[in-house]
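Notes follow once the structure below has been shown.
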Amino acid sequence: MTKATLTISSKNYSSWSLRGWLLCRMAGLEFEEKRIDIDDPEQRQELLLLSPSVLVPRLTHDGVTVWDTLAIAEYLAETMPDAGLLPADRAARAHCRAVSGEMHSGFHNLRSALPMSLKARHKSFKIFSGARPDVERIKTIWSECLAAYGGPFMFGSSPTVADAMYAPVCTRFRTYAVELEAPHAGYCEVILDWSLMQEWTRDALAEPEDIIELDVEF
């Protein structure tokens, strides 16, 4: 069997690449990373939220090519069911899919107001009013999941698809000094201390490339 390949973009800026990479690692899939140059005009458009297409991440595995992060999640959950990417309980599994789908299709104001940049760190940052409902909705989702399933991850003791989907939000909240209540701050600490997130962050900080447009305050 040919070794799987995961095509990703910048580790510093690409939240969707992070999600796809986490899912593959959580599934226990052995894969090679293929990086796309962020100087490529199409990639810069995507990272700057100017392109509707999602070109990365893209997984090639066992003769199958699948793109779109949520599609990758479902493919891996189906192919490697013992990895536990989705909760075992039917109701919890449906809940996990719902909150993951909400992240996949929503929170557009949050994405534009607080772009992912692991190298950046602001002591304070004014969030424009349009993004605040997104922040509050995410806090509500986290509160409901942590209360229902006991933490420390969204659906219990082990990470699931939902944690991969919300992990970039934790980096955004840290980058832009978003004020969090104790349960939400605790969840972010769990995610940011997660060994996979630590590995990704080390690689991101070592990247030489910068996209100036994403490093300015606005």
Is the side chain of [X] donor-acceptor paired with the backbone N or O of [Y] at a distance under 3.5 Å, no angle test?
X	Y	answer
Y176	P115	yes
R111	G106	yes
R35	S9	yes
R172	L114	yes
D163	T160	yes
N12	L118	yes
E33	T5	no
Y166	I138	no

Heavy-atom side-chain contact between T60 and K34 under 4.5 Å: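 Sidechains of K34 and T60: no contact.
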Would you mind checking if E207 and K119 are paired as a salt bridge, meaning a charged N to carboxylate O distance below 4.0 Å?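 Looking at E207 together with K119, the answer is no, because their closest N to O distance does not fall below 4.0 Å.
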Salt bridge present between K139 and E136 (N-O < 4.0 angstrom):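 Here K139 pairs with E136 in a salt bridge, since their nearest N and O are under 4.0 Å apart.
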What I want to check is whether the side chains of H184 and S143 have a donor and an acceptor closer together than 3.5 Å.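 Yes, because at least one side-chain N or O of H184 sits under 3.5 Å from a partner of the opposite role on S143.
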Check the pair T7 / W67 against side chain to side chain contact (heavy atoms under 4.5 Å, CB included), numbers first and verdict last. CA-CA 9 Å; T7 303; W67 59 98; over 6 Å; no
Applying side-chain contact (heavy atoms from CB on, under 4.5 Å) between I127 and each of L110, V178, N109, report the one that passes.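 For I127, the side-chain contact (heavy atoms from CB on, under 4.5 Å) check succeeds only for V178.
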Over 60° means perpendicular and under 30° means parallel, so tell me whether H104 and W16 are parallel, tilted or perpendicular.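 Taking W16 first and then H104, their aromatic rings stand perpendicular (interplane angle over 60°).
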Parallel, tilted or perpendicular, judged at 30° and 60°: which one describes the rings of Y187 and W142?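 The rings of Y187 and W142 sit tilted, inter-plane angle from 30° to 60°.
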Checking S158 against M26 for the side chain to side chain contact (heavy atoms under 4.5 Å, CB included) test, could you report, in this order, the C-alpha distance in whole Å, the side-chain angles of both residues, the deciding distance, and whether it holds? CA-CA 10 Å; S158 301; M26 291 161 60; over 6 Å; no
Counting only heavy atoms not in E179, do more than 12 sit closer than 6.0 Å to its CD atom?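 At most 12 heavy atoms, drawn from other residues, nucleotides or ligands, come within 6.0 Å of this atom.
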Can you tell me if CD on E199 sees more than 12 non-hydrogen neighbours from other groups inside 6.0 Å?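 More than 12 heavy atoms, drawn from other residues, nucleotides or ligands, come within 6.0 Å of this atom.
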